Amino acid sequence: MKNEYIPFPSQVREIIRHTDIEYTFRMSFSGSVKPGQFFEVSIPKYGEAPISVSGIGAGTVDLTIRRVGKVTAQIFERYEGSVLPMRGPYGNGFDIENYKGKELVVIAGGTGLSPVKGVVDYFCEHPEEAVSTTLIAGFKSPQDILFRQDFERWESALQVIKTVDSAPEGYRGLTGMVTKYIPDLPIVDVSNTDFITVGPPAMIRFTIMEILKRGVPEQNIWISHERKMCCGLGKCGHCKMNDTYVCLDGPVFNYAESKHLID
Amino acid sequence: MGYQIPRQKADRLFARLKQNYTIYAPKLFAGDGCFSDTDIIRYGKITDLDEIEWNRRSDYSFKEALLAINEVLFYFTEGETTVPPCPEKKLLIFLRSCDLHAVKRLDTIYLKNGAEDFYYSRLREKARFVLMGCWETCDTGFCASMDTNRSEQYDLYLKLSGSSLWADCKSEELQPYFAEAEGTVCDVQPDSVTENKEKVTLPRKLSVESFQNPIWESYGSRCIGCGRCNFVCPTCTCFTMQDILYRDNANVGERRRVWASCQVDGYTDIAGGNSFRKKQSERLRFRVMHKIYDFEKRFGFPMCVGCGRCDAICPEYISYTNIINQLAKEET
Ligand SMILES: Cc1cc2nc3c(=O)[nH]c(=O)nc-3n(C[C@H](O)[C@H](O)[C@H](O)COP(=O)(O)OP(=O)(O)OC[C@H]3O[C@@H](n4cnc5c(N)ncnc54)[C@H](O)[C@@H]3O)c2cc1C
Ligand code: FES
């Protein structure tokens with residue numbers, strides 16, 4: 001039987017620096033994996049951290065990591081030319097099929113863009129497979145903007161609204177919370193429009209309120225939840241809400257099916 | 001098959017079992033209780049029939065025989081990991097009917113909720129269960145209400161009474177030990193209680209609305225978040241990962257999983273200072289709803305087996321049975 005707790009070594013192939021504390025690590029990986037799934041990056045001596053797949057390439061997966069504490073700091077300290085132990089992928093991930101032939105709107109806050117980035121990439125490469133694709137991405141300030149190079153690509157193929165909460169005087173881009181842009185989104189047919197929203201819990205809450213005001217059915221809304229996870233395998237219990245294990249049944253949930261979940 | 005075996009021969013039988021099995025049973029630790037001059041009954045390895053506490057319910061359950069309080073997942077040196085070997089001997093675990101029903105709950109989480117757990121599964125395969133009878137009810141248990149007062153799923157039933165050991169052996173693997181023990185073949189039925197002092201009615205109309213019930217606040221406001229209810233519970237299975245470094249060589253260490261409690265601070269903390277259940281009342285709700293509602297919704301049977309240990313151990317005298325009964329009463 002496979003021992004799921006033992007990490008495998010994965011080569012760091014490339015580093016993309018977005019901000020001082022947010023880098024994308026392009027890791028070697030050749031198994032099957034979906035956007036929105038996650039790996040446990042597993043550093044002996046320091047611990048483990050669940051990190052979403054932010055991109056999928058030939059023989060690689062991208063992990064976009066924010067340096068916030070013990071484990072993530074270690075990743076930043078030791079990556080250069082190095083190997084990181086990890087295990088996974090875990091979780092359900094996003095099912096691209098759900099969004100084909102739809103008007104798709106992706107709303108992401110900060111690193112919340114990571115788990116949905118694979119979806120955005122897909123429709124950027126195959127724009128004809130959706131009726132339309134819109135990305136609303138919010139960041140705290142202009143310095144916090146992630147995936148700058150990707151935005152250039154996305155802006156040429158998709159409708160992109162890139163906004164910052166606040167900016168110094170003279171900033172030329174959009175400002176304000178992501179919720180500000182929801183009321184005026186051009187939507188042709190609400191029943192054929194799907195929303196994906198990922199970010200901090202408060203952002204998700206307010207975003208959903210705005211989406212519902214547009215008359216979008218609840219089952220057309222998708223979210224990804226973050227919870228404490230010690231195993232990713234349905235055993236440690238930390239991620240449980242009601243009868244649901246976020247690590248097994250999520251982290252991606254349909255809003256209509258998951259709105260009753262209580263911590 | 002049932003046997004009556006005279007004590008001396010029983011000791012020889014036990015000595016033979018010991019050669020091939022590591023035997024876990026409830027033991028009395030005199031004076032080791034939480035308060036001065038109190039005893040504690042918990043599980044340990046035993047080498048003699050007389051070490052077993054036959055009469056009283058153990059304060060802690062059998063679960064540590066299958067899920068160590070802290071379990072090494074692997075040792076690491078600079079680049080290598082080594083998984084500790086599985087103990088070679090099989091396990092013989094003495095337990096009562098409520099706890100035998102709890103094994104099914106542990107199996108459900110560790111073998112059926114997602115992929116099978118490597119460490120649990122390799123021990124579980126080696127585990128054989130010895131049922132101990134209950135001839136009178138314990139104080140806080142409510143097994144009869146939970147339908148866990150009887151069990152047929154044992155490998156062996158044993159009872160030490162007078163100058164004899166009474167056995168009912170269902171396991172083919174154990175049968176030879178009894179065949180050569182020179183006992184008398186007879187019919188042996190496990191002792192079981194049919195009634196408890198504590199009676200519980202499970203609420204049957206719980207729903208997400210139940211999360212708003214003021215009952216959580218009224219009981220939870222007394223909770224001090226010590227987590228003992230989780231640690232004594234035979235069906236609580238949560239753990240937290242822990243990396244340990246050895247003092248004499250900082251490059252060498254081990255990753256462990258250690259028992260965790262959903263009542264204790266830190267259980268839901270994530271980076272950035274977020275935490276999902278800050279109040280004790282929310283944590284109490286989480287535990288109780290899991291035991292009597294959420295688990296059943298996912299797997300088809302309640303998690304709680306009615307052993308009553310949580311009520312016996314709570315330093316704040318928060319009664320789980322009262323909570324359940326009150327929830328049920330509100331439904332009528
Ligand atoms: C499904 C999922 C996807 C995620 N995706 C990303 C991502 O793509 N990029 C990113 O930067 N971050 C992501 N996170 C958050 C990331 O896991 C935490 O920031 C990270 O665990 C913090 O670890 P640390 O040791 O550096 O921080 P510390 O604050 O030092 O954490 C200490 C300990 O707390 C625990 N811990 C803290 N936060 C979490 C958490 N969310 N889940 C489990 N344990 C935690 C860990 O056990 C850790 O060892 C994700 C979290 C989840 C649950
Ligand atoms: S992360 Fe351990 S059960 Fe979900």
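Just so you know, these numbers come straight off a predicted model, no measurement behind them. Sequence lines set the chain letters: A, B, ... in the order given, protein chains first and strands last, and positions in each chain run from 1.
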## Note on the structure
If one checks every heavy atom of A:I43 against chain B at 4.5 Å, the contacting part turns out to be backbone
### Query
Just wondering, are more than 12 heavy atoms of other shown residues or ligands nearer than 6.0 Å to CG in B:N249?
yes
### Query
Do the ring planes of A:F39 and A:F29 sit parallel (below 30°), tilted (30 to 60°) or perpendicular (above 60°)?
perpendicular
### Query
Which bit of A:Y90 is near chain B, if near means a heavy-atom gap under 4.5 Å: side chain, backbone, both or neither?
neither
#### Entry: Test item: A:P251 and A:V246 side chains (from C-beta on) under 4.5 Å apart, heavy atoms
yes
### Task
Verify whether one side chain among B:E80 and B:T77 offers a donor that lies under 3.5 Å from an acceptor in the other.
no
### Query
Are there residues of residues 204-214 of chain B that reach to under 4.5 Å of chain A by heavy atoms, and which ones?
B:V208, B:F211, B:Q212
### Query
Can you list the steps and then say if B:E64 with B:R42 is a salt bridge (Lys or Arg N to Asp or Glu O under 4.0 Å)?
CA-CA 10 Å; B:E64 60 191 279; B:R42 54 183 168 76; 5.7 Å; no
### Query
How about A:F94 and A:V198: do any of their side-chain heavy atoms sit closer than 4.5 Å?
yes
### Query
Going by residue number, which parts of residues 220-244 of chain B are within reach of chain A, meaning a heavy-atom gap below 4.5 Å?
B:T237, B:C238, B:F239, B:T240, B:M241, B:D243
### Message
Does A:K70, at its NZ atom, have more than 12 non-hydrogen atoms belonging to other residues, nucleotides or ligands within less than 6.0 Å?
### Response
no
### Query
Under 4.5 Å between any side-chain heavy atoms of B:Y24 and B:L66, yes or no?
no
### Query
Between A:T72, A:D249, A:T244, which shows the greatest number of heavy-atom pairs under 4.5 Å with chain B?
A:D249
### Message
Please identify, among B:K297, B:M289, B:R298, the residue contributing the most non-hydrogen atom pairs under 4.5 Å to chain A.
### Response
B:R298
### Task
Give, as side chain, backbone, both or neither, the part of A:P7 having an atom under 4.5 angstrom from any heavy atom of chain B.
side chain
### Task
Would you mind checking which part of B:R257 comes under 4.5 Å of any heavy atom in chain A, side chain (CB onward), backbone (N, CA, C, O), both or neither?
side chain
### Message
Return the CG to CG distance between A:L146 and A:L113, rounded to the nearest 0.5 Å.
### Response
7.0 Å
#### Entry: For the student: nearest non-hydrogen atoms of B:Y267 and B:S261, plus distance
CD1-O, 3.4 Å
### Atom CG of B:D147 with >12 non-hydrogen neighbours under 6.0 angstrom
no
### Task
Check whether any side-chain heavy atom of B:P84 sits under 4.5 Å from a side-chain heavy atom of B:Y75, and report yes or no.
yes
## Note on the structure
Okay, A:P200 and chain B: the region with an atom under 4.5 Å from a heavy atom over there is neither
### Task
Report yes if the side chains of B:C86 and B:K126 come closer than 4.5 Å at any heavy-atom pair, otherwise no.
yes
### Message
Is B:V252 in contact with chain A via its backbone, its side chain, both, or neither, using a 4.5 Å heavy-atom distance?
### Response
neither
### Message
Would A:D144 and A:R66 count as a salt bridge (Lys or Arg N to Asp or Glu O under 4.0 Å) here? Give the steps.
### Response
CA-CA 11 Å; A:D144 296 312; A:R66 188 178 163 85; 5.6 Å; no
### Message
Which label fits B:F129 and B:F62: parallel for a plane angle under 30°, tilted from 30 to 60°, or perpendicular past 60°?
### Response
perpendicular
### Sorted by number, residues from residues 101-120 of chain B in contact with chain A (heavy atoms, under 4.5 Å)
B:I109, B:Y110, B:N113, B:G114, B:A115, B:E116, B:D117, B:F118, B:Y119
### Message
Does any backbone or side-chain atom of B:F295 lie under 4.5 Å from a heavy atom of chain A? Answer side chain, backbone, both or neither.
### Response
neither
### Any donor-acceptor N or O pair under 3.5 Å, side chains A:S42, B:R255
yes
### Query
Within a strict 4.5 Å, meaning less than it, do heavy atoms of the B:I324 and B:T201 side chains meet?
no
### Message
Quiz question: by atom type and distance under 3.5 Å, do the side chains of A:Q143 and A:S141 form a donor-acceptor pair?
### Response
yes
## Note on the structure
Cut-off 4.5 Å, heavy atoms of chain B, and the answer for A:L233 is backbone
### Message
I'd like to verify something: which residue of A:K228, A:M1, A:H238, A:E4 has the highest number of heavy-atom pairs under 4.5 Å with chain B?
### Response
A:H238
### Query
Top residue by heavy-atom pair count (under 4.5 Å) with chain A, among B:T81, B:T268, B:I270?
B:I270
### Query
Can you tell me if B:N251 and A:K45 form a side-chain donor-acceptor pair at under 3.5 Å?
yes
### Task
Cation-pi check, A:K117 to A:F147: give yes when NZ or CZ is under 6.0 Å from the six-membered ring centre and within 45° of the ring axis, no otherwise.
yes
### Message
I'd like to know whether A:Y23 forms a ring-ring contact (aromatic ring centres under 6.0 Å, His included) with A:F76, so could you lay out the CA-CA distance, the side-chain angles of the two residues, the decisive distance to 0.1 Å, and finally the verdict.
### Response
CA-CA 8 Å; A:Y23 294 0; A:F76 276 66; 4.5 Å; yes
### Message
Quick check: do A:E218 and A:L212 have side-chain heavy atoms less than 4.5 Å from each other?
### Response
yes
### Message
Contact between A:V178 and A:E210 at the side-chain level, heavy atoms closer than 4.5 Å - yes or no?
### Response
no
### Interchain contact, A:K240 with chain B, by part (heavy-atom threshold 4.5 Å)
both
### Task
Give me the contact list for residues 275-285 of chain B versus chain A, heavy atoms only, anything under 4.5 Å, ordered by residue number.
B:F276, B:R277, B:R285
